[in-house]
Amino acid sequence: MNRYDIARIPGDGIGPEIIREGVKVLEAAAAVYGFELKWNDYPFGADCYLKTGEALPDAALDEMRQMNAIYFGAAGDPRVAPGVLEVGLILKMRFALDQYINLRPCKLYPNVETPLKRTGPIEIWCVRENLEDFYNGLGAIVRANGDPEQKKLVRMELDRALYHASFDMDAKLGADDDYALGLGIITRKNTERTMRYSFELARAKGKKKVTAVDKANVIPHMYGLWREVFEDVAKDYPDIAHENNFADACNMWFVKNPEAYDVVVFPNLMGDIVTDLGAIITGGLGFAAGGNINPEGVSMFEPIHGSAPKYKGLDVINPIATILAGGLMLEAIGERDAGALVERAVSEALASGMIKTRDMGGTTKCSETGDIVAAKIRELGR
Ligand code: IPM
Ligand code: MN
């Protein structure tokens, strides 16, 4: 019997409730296909941080490197300043484990309402680059009345960095004004593997087209390289069409014409923003699963929503995003059929009309939703 070691991190707020339902469903799928999931529990989240001062200790990270995957609920709690757990836990996992893909399928399931007028099928495979762009935290705030030494140093670095740029720095950075800068980085190596993943995904899912999103018209260096690599990689996939979108236009077409998209690949920050839009046009965050994927390493699976502290313990949250994220996890660890069964069970359970969670305007509990999907898995697996 195949056995998989999974790190389980329920986290904060409604995290424990949704992970419980996810585990229920994944166990049902494991029973159908005859493999074992060994859950290794970690208490990370606000309580743990407040007790120990650490969001994610390196020793735990090293343990997780030896596992098959990580199943994560949500982080965020009013007792901890915003950003602390986001950076210290979520981004730390993504960065330390080199999870360069953030896969966010946006699919409209039966009986799920979209705020769009149209009702055609929507299935967009969003691939968000997960490590670069503006997510590295590099930058500085320079105060007009701050440390003169810092002002001089930052200015020197800027002059050096912009040696070849025609930009009137003196006019821009008046001595009596505060200023701030943030540094985005795009590398060829990482962009290339992201693009390759996107084209391979299109092939694997039987899709016809990959769309690369950017703002190369106003941020020409970073997204110029992004486009260049996209074109290079596209040459290896003559069977898949490819096109570019500017992010602002992409936003608009997600609403106007979502069925025109197959696989869409985004730089990190734009991907963060547009995938929330992708979620809402396919029923909301309650249905939006995410996989932080390192195809050669350890991947982490989570719903893309947060910890919703005000709903904690009420058993009213929609666990489907977490269940679907679990399905992506099974696929990633090599149990493809079991992963597909989870997705099919969600789809058929929704089609049956038995699930109408609070976000869908109904009263089906979080725990009932997990029971229904797990029962559907056992029924389909017979
Ligand atoms: C997401 C979240 C995170 C992100 C935050 C919590 C760091 O918004 O997963 O989309 O910006 O990536
Ligand atoms: Mn986000």
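Note that ligands are numbered from 1 as they come in the structure, with each ligand's atoms numbered from 1 the same way. Position 1 is the first residue of the sequence, and the numbers go up from there.
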Using distance alone, determine whether E302 and ligand 1 share an N or O pair under 3.5 Å. no
Write out the residue and atom name of the closest protein heavy atom to atom 1 (C) of ligand 1, then the distance separating them to 0.1 Å. R104 NH2, 3.3 Å
Please work out whether the ring planes of Y261 and F254 are parallel, tilted or perpendicular, with thresholds of 30° and 60°. tilted
Protein heavy atom at shortest distance from atom 11 (O) of ligand 1: Y135 OH, 2.5 Å
Note the single closest protein heavy atom to atom 2 (C) of ligand 1, along with its residue, its atom name and the distance in Å. D272 OD1, 4.1 Å
Which of the numbered atoms in ligand 1 are below 4.0 angstrom from a heavy atom of R94? 1 (C), 4 (C), 9 (O), 12 (O)
Say whether N40 and Y71, considering side chains only, have a donor N or O and an acceptor N or O under 3.5 Å apart. no
Nearest non-hydrogen protein atom, atom 7 (C) of ligand 1: E86 CB, 3.8 Å
The Mn ion (ligand 2) reached by D272 (N, O or S, under 2.8 Å): yes
Assess, by modelled atom type and distance only, whether the side chains of E21 and S367 contain a donor and an acceptor separated by less than 3.5 Å. no
Using a 6.0 Å distance limit plus a 45 degree cone around the ring axis, check whether R94 lies over the aromatic ring of F301. no
Heavy atoms, side chains only, cut-off 4.5 Å: are L108 and F287 in contact? no
What is the ring orientation for F199 with Y237, classed by angle as parallel under 30°, tilted 30 to 60°, or perpendicular over 60°? parallel
